[in-house]
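Step one of this worksheet: look at the structure below.
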Amino acid sequence: MTRERDKDDRRKFCISLTEHGRALEAELMHYPAYINRVAQEGIDQADVDLCLSVLSRMSDNLATAFEKQERVPDVIE
């Protein structure tokens with residue numbers, strides 16, 4: 001894995017896999033798929049989709065809030 005600062009936003013890092021990392025990726029990617037299957041067992045796909053949608057919207061809300069301000073407010077309403 002390599003890590004470099006983003007050229008446009010010095011607060012961010014760009015992370016990419018090395019050749020060795022790409023080789024391991026093919027070998028190891030079945031593990032997350034298995035874990036996801038186990039975690040979702042017995043849960044309706046509609047519920048999983050709703051959960052992912054809500055979490056995505058929450059993530060977007062947080063990203064938008066943090067883009068608008070440079071620091072966390074002292075008092076949260």
Side-chain angles (χ1 to χ4, degrees):
M1 176 176 73
T2 61
R3 187 176 100 158
E4 297 176 11
R5 288 234 181 241
D6 186 288
K7 293 177 178 103
D8 299 323
D9 186 342
R10 301 291 296 162
R11 296 172 295 177
K12 296 180 181 178
F13 287 93
C14 296
I15 298 173
S16 57
L17 293 175
T18 60
E19 264 185 58
H20 179 69
R22 281 190 292 281
L24 287 174
E25 178 183 26
E27 180 182 332
L28 299 175
M29 282 309 294
H30 68 279
Y31 288 110
Y34 170 74
I35 290 168
N36 284 339
R37 277 196 313 275
V38 170
Q40 295 177 20
E41 191 171 309
I43 302 172
D44 291 336
Q45 187 60 47
D47 290 337
V48 172
D49 293 343
L50 177 61
C51 177
L52 293 175
S53 174
V54 170
L55 291 172
S56 177
R57 288 185 299 189
M58 291 172 72
S59 178
D60 291 345
N61 289 345
L62 290 170
T64 299
F66 283 108
E67 286 173 4
K68 290 180 180 178
Q69 60 191 36
E70 292 183 15
R71 65 181 186 84
V72 176
D74 293 332
V75 178
I76 299 175
E77 299 175 18

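Residues take their numbers from the sequence shown, with the count starting at 1. Every heavy atom of this structure was used, including side-chain atoms; hydrogens, water molecules and symmetry mates were not.
Expressed to the nearest 0.5 Å, how far CG of Asp6 lies from CD1 of Ile15 amounts to 11.5 Å. In this structure, CE in Met58 is found 11.5 Å from OG in Ser53, a value given to the nearest 0.5 Å. Interatomic distance, CD1 of Ile43 versus CG of Leu50, reported as 12.0 Å (0.5 Å rounding). Atom NZ in Lys7 sits 14.0 Å away from atom NZ in Lys12 (nearest 0.5 Å). Atom OG of Ser59 is separated from atom CG of Leu52 by 12.0 Å, given to the nearest 0.5 angstrom. Between Ile35 atom CD1 and Gln40 atom CD the span is 12.0 Å, to the nearest 0.5 Å.
Within 6.0 Å of the CD atom in Gln45, the count of heavy atoms belonging to other residues, nucleotides or ligands exceeds 12.
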Candidate pair Arg5 and Phe13, rule side chain to side chain contact (heavy atoms under 4.5 Å, CB included), full reasoning: CA-CA 4 Å; Arg5 288 234 181 241; Phe13 287 93; 3.4 Å; yes

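Taken together through direct or relayed side-chain contacts under 4.5 Å among Ile, Leu, Val, Met, Phe, Trp and Tyr, Tyr34 and Leu28 form parts of separate hydrophobic clusters.
For Asp44 (side chain) and Asp47 (main-chain N/O), no donor-acceptor pair under 3.5 Å exists by modelled atom type.
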